[in-house]
Participant: 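I am attaching a structure below and will ask some questions about it afterwards.
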Amino acid sequence: PVQILSYLGGVVKVEETDMKPRMGFLYPIQSHNISMFINATREQDSGQYLCYVNVVDDSIRLDKNVGIINLSVLVPPAAPTCQLHGSAVVGNNVTLSCSSKKGKPSPMYQWQREPPTLQVFFPPAQDRARGTLKLTNLSLEMSGVYVCRAENQAGSKNCSIVLEV
């Protein structure tokens, strides 16, 4: 554990970490609310935070003076990359793939074909975890714009690909 913030003898001390300019106590200590804030959160701020409260002349019970909170900083997906694998010729099979380099938790992917012929896809053609869409026995009518949405609890981003059969 690394100490990042303290109040001792009437003095607030913020330790020299990469968090120093982004954190502090939320209220004056005299309010007896020792909540802290972290601005501009980053994925690496995730972890377990412990709050120790020791009052002078108070009987210390180790199980009573510690507060613990687990922080998980979510990261929205980065803009995904859409790719076509295979040859878009009538009768062939192709796979469309979609991949985002960032995201916490890992994004799920959803493919759909844009209007005028709106189409939503389901397994086994679509693999939401891998971001793939398998199109079999291609026909001219399958030509169009296909959009992939990478999504998690923190947000979503799209990419698209034009399929010309």
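The figures here come from the full heavy-atom set of this structure, side chains too, leaving out hydrogens, waters and symmetry mates. Note that the structure is a prediction, hence the values are computed from the model and not measured. Each residue takes its place number in the sequence, starting with 1.
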Participant: Kindly work out whether a path of hydrophobic side-chain contacts (I/L/V/M/F/W/Y, heavy atoms less than 4.5 Å apart) joins Leu118 to Val145.
Facilitator: no
Participant: For Glu164, does the CD atom have more than 12 heavy-atom neighbours from other residues, nucleotides or ligands under 6.0 Å away?
Facilitator: no
Participant: Identify the two heavy atoms, one from His85 and one from Ser97, that lie closest to each other, and give their separation to 0.1 Å.
Facilitator: NE2-OG, 2.7 Å
Participant: For Val147, does its backbone N or O pair with a side-chain atom of Trp111 as donor and acceptor, under 3.5 Å?
Facilitator: no
Participant: Are Leu5 and Leu26 connected in a single hydrophobic cluster, I mean Ile/Leu/Val/Met/Phe/Trp/Tyr linked by side-chain heavy atoms less than 4.5 Å apart?
Facilitator: no
Participant: Atom OG1 of Thr117 and atom CE of Met142: how far apart are they, to the nearest 0.5 Å?
Facilitator: 11.5 Å
Participant: Between the main-chain N or O of Met108 and the side-chain N or O of Arg128, is there a donor-acceptor pair closer than 3.5 Å?
Facilitator: no
Participant: Please determine, by modelled atom types, if Asn33 and Ser31 share a side-chain donor-acceptor pair under 3.5 angstrom.
Facilitator: no
Participant: Backbone N or O of Ser100 within a donor-acceptor pair of the Tyr109 side chain at under 3.5 Å?
Facilitator: yes
Participant: Using the side chain to side chain donor-acceptor pair (under 3.5 Å) rule, take Ser139 and Glu141 through it: C-alpha gap first, then chi angles, then the decisive distance, then the call.
Facilitator: CA-CA 5 Å; Ser139 65; Glu141 295 76 31; 3.2 Å; yes
Participant: Taking Asn152 for its side chain and Gly103 for its backbone only, find out whether a donor-acceptor pair lies under 3.5 Å.
Facilitator: no
Participant: Around atom NZ of Lys13, are there more than 12 heavy atoms of other residues, nucleotides or ligands at under 6.0 Å?
Facilitator: no
Participant: Between Val14 and Phe25, does a side-chain contact (heavy atoms from CB on, under 4.5 Å) hold up when you go through it step by step?
Facilitator: CA-CA 10 Å; Val14 183; Phe25 287 111; over 6 Å; no
Participant: Walk me through whether Val53 and Ile34 qualify under side-chain contact (heavy atoms from CB on, under 4.5 Å).
Facilitator: CA-CA 9 Å; Val53 178; Ile34 56 171; 3.5 Å; yes
Participant: For Tyr49 and Ile4, what are the C-alpha separation, side-chain angles and deciding distance, and is it a side-chain contact (heavy atoms from CB on, under 4.5 Å)?
Facilitator: CA-CA 10 Å; Tyr49 289 78; Ile4 55 175; 3.7 Å; yes
Participant: Set out, in order, the CA-CA distance, both residues' side-chain angles and the distance that settles side-chain contact (heavy atoms from CB on, under 4.5 Å) for Asp45 and Arg22, then state yes or no.
Facilitator: CA-CA 11 Å; Asp45 294 338; Arg22 303 183 292 120; 2.8 Å; yes
Participant: Does a side-chain heavy-atom distance below 4.5 Å link Lys104 with Glu43?
Facilitator: yes
Participant: Indicate yes or no: at least one non-hydrogen side-chain atom of Lys157 is less than 4.5 angstrom from one of Pro76.
Facilitator: no
Participant: What's the spacing between Cys98 SG and Arg149 CZ if we round to 0.5 Å?
Facilitator: 10.5 Å
Participant: Taking C-beta and beyond as the side chain, do Thr95 and Leu133 meet within less than 4.5 Å on heavy atoms?
Facilitator: no
Participant: Decide yes or no for Val66 and Leu50: does some side-chain heavy atom of the first lie under 4.5 Å from some side-chain heavy atom of the second?
Facilitator: yes
Participant: Under a 4.0 Å N-O cut-off, is there an ion pair linking Lys134 with Asp127?
Facilitator: no
Participant: Transitively linked via ILVMFWY side-chain contacts under 4.5 Å: Met36 with Ile69?
Facilitator: yes
Participant: For residues Lys102 and Pro77, determine if any side-chain heavy atom of one lies less than 4.5 Å from a side-chain heavy atom of the other.
Facilitator: no
Participant: Checking Cys148 against Cys82 for the disulfide (SG to SG under 2.5 Å) test, could you report, in this order, the C-alpha distance in whole Å, the side-chain angles of both residues, the deciding distance, and whether it holds?
Facilitator: CA-CA 7 Å; Cys148 172; Cys82 287; 5.1 Å; no
Participant: Heavy atoms, side chains only, cut-off 4.5 Å: are Ile161 and Leu96 in contact?
Facilitator: yes
Participant: Between the side chain of Asn93 and the main-chain N/O of Asn137, is any donor-acceptor distance below 3.5 Å?
Facilitator: yes
Participant: State plainly whether one hydrophobic cluster holds both Tyr27 and Met23, where clusters connect Ile, Leu, Val, Met, Phe, Trp and Tyr through side-chain heavy atoms under 4.5 angstrom apart.
Facilitator: no
Participant: With distance as the sole test, does Ser46 use its side chain to make a donor-acceptor pair with the main-chain N or O of Val73 at under 3.5 Å?
Facilitator: yes
Participant: So which atom in Val94 and which in Gly86 form the shortest heavy-atom distance, rounded to 0.1 Å?
Facilitator: CG1-C, 4.0 Å
Participant: Under the criterion side chain to side chain donor-acceptor pair (under 3.5 Å), I'd like the reasoning laid out for Gln112 against Gln110: C-alpha separation, chi angles, the key distance, then a yes or no.
Facilitator: CA-CA 7 Å; Gln112 77 174 37; Gln110 176 70 49; over 6 Å; no
Participant: So how far is it from Leu140 CG to Leu138 CG, rounded to the nearest 0.5 Å?
Facilitator: 9.5 Å
Participant: Around atom CG of Leu8, are there more than 12 heavy atoms from other residues, nucleotides or ligands closer than 6.0 Å?
Facilitator: no
Participant: What about Ile68 and Tyr52, same hydrophobic cluster or not, with Ile/Leu/Val/Met/Phe/Trp/Tyr joined at side-chain heavy-atom distances under 4.5 Å?
Facilitator: yes
Participant: Are Phe121 and Leu135 close enough that some pair of their side-chain heavy atoms sits under 4.5 Å apart?
Facilitator: yes
